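Just so it is clear: chains get the letters A, B, ... in the order the sequence lines come, proteins before strands, and each one is counted from 1. The model shown is predicted, which means the values in this text are computed figures rather than measured ones.
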2 protein chains.
Amino acid sequence: MEARRIHHLGVAVDDLDAAVTTYERVLGARLEHRETVPDQGVEAASLRVGEGRVELLASLGEDTPVGKFLAKRGPGMHHVAYEVADVRSALTELAGEGVELVDEQPRRGLFGLEVAFLHPDAMDGVLAELVAHG
Amino acid sequence: MEARRIHHLGVAVDDLDAAVTTYERVLGARLEHRETVPDQGVEAASLRVGEGRVELLASLGEDTPVGKFLAKRGPGMHHVAYEVADVRSALTELAGEGVELVDEQPRRGLFGLEVAFLHPDAMDGVLAELVAHG
């Protein structure tokens, strides 16, 4: 498997509006998308930082994945997403090599992306996401 | 200030050799540089992931910055580095806007880069590094 690039860095934040303003002001980031996804318990903003991208994630409640992360760790880096050509074939290849996965099948992520998460134990404590433009 | 891109993601690891192998195997990463910097207490490897870059950081002792991070948080994402045209002028601009800095002057970082860190409080809990090719 060969990842193409870092698609985005996912950052958990307490206040989405304030965080968007911080990234615009400090890094000159440009808001690309913004989306609330109730069934994932998340409100998210995608910002371009030059050719890079940061995904800011705010929780819609304490019992959501991002809410639990914030309660345990506080705001900070949540995951890193690597762009691949095809998520399904990447998962098949990694599963065959014994890499521990969270998602065994691609699923619909934020902003229309096709995504799957690897288990943090597979990547030295880093939650890695595979992403392809669906 | 306008950052150009995500220069690299910095990841703290317990075992540098094992982590390099993981990134090569799982993401098809290619080792770019490797360096031991005793006065920073770190052994580091820079890997290209397609057009992206991950910097793996292992500690040379418990009383080093990375050693303290590992003791407190365990292995995982440590910082994100944004590439800028010029670190000194970026710092001047950010200081003028009241952005909290760790380094008020550029300093020599790993792999010959010119770097400066912003305070995590400035970026919602994320340790951000500004990087320019010196």
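- At a 4.5 Å heavy-atom cutoff, the contact between A/V13 and chain B is made by side-chain atoms alone.
- Atom CD of B/E97 has more than 12 neighbouring heavy atoms from other residues, nucleotides or ligands inside a 6.0 Å radius.
- Each of B/A18, B/G76, B/G74 has some count of heavy-atom pairs under 4.5 Å with chain A, and the biggest count is that of B/G76.
- A distance of 12.0 Å separates CZ in A/R107 from CD in A/Q105, rounded to the nearest 0.5 Å.
- Shortest non-hydrogen contact noted between A/V84 and A/A3 is CG1-CA, 4.3 Å.
- Taking CG of A/L130 as the start and CG of A/L118 as the end, the distance is 4.5 Å to the nearest 0.5 Å.
- Heavy atoms closer than 4.5 Å to chain B are found in both the backbone and the side chain of A/L27.
- Looking only at heavy-atom pairs under 4.5 Å with chain A, the residue among B/R53, B/M123, B/E83 that has the most is B/M123.
- With respect to chain A, the highest number of heavy-atom pairs below 4.5 Å among B/R48, B/R73, B/H8 belongs to B/R73.
- Counting heavy-atom pairs under 4.5 Å between each of A/V26, A/V80, A/L9, A/D14 and chain B puts A/V26 at the top.
- Looking at A/H78, only its backbone comes within 4.5 Å of chain B, counting heavy atoms on both sides.
- Interface summary for chain A: among B/M1, B/R4, B/M77, B/E51, the most heavy-atom pairs under 4.5 angstrom belong to B/M77.
- Summarising the geometry, atom CZ belonging to B/R108 is positioned 11.0 Å from atom CD belonging to B/Q40; distances are rounded to the nearest 0.5 Å.
- The residue from B/E32, B/E24, B/R30, B/R34 that alone fulfils the side chain to side chain contact (heavy atoms under 4.5 Å, CB included) condition with B/L47 is B/E24.
- Residues of residues 54-62 of chain A placed with any heavy atom under 4.5 Å of a heavy atom in chain B are listed by number as A/V54.
- When side chains are defined from C-beta on, A/F117 counts as touching A/H79, because their heavy atoms get closer than 4.5 Å.
- The backbone N or O of A/S89 lies less than 3.5 Å from a partner atom in the side chain of A/D86, making a donor-acceptor pair.
- Between chain A and the residues B/L94, B/V126, B/D15, B/V11, the most heavy-atom pairs under 4.5 angstrom are made by B/V126.
- Of the two parts of A/V49, the backbone and the side chain both hold a non-hydrogen atom closer than 4.5 Å to a non-hydrogen atom of chain B.
- Other residues, nucleotides and ligands contribute at most 12 non-hydrogen atoms within 6.0 Å of the CG atom of A/D63.
- Taking CG from B/L101 and NE2 from B/H119, the interatomic distance works out to 10.0 Å, rounded to the nearest 0.5 Å.
- For the residue pair A/A132 and A/A85, the shortest heavy atom distance occurs at CB-O, 4.0 Å.
- Proximity to chain B is limited to the backbone of A/A122, based on heavy atoms less than 4.5 angstrom apart.
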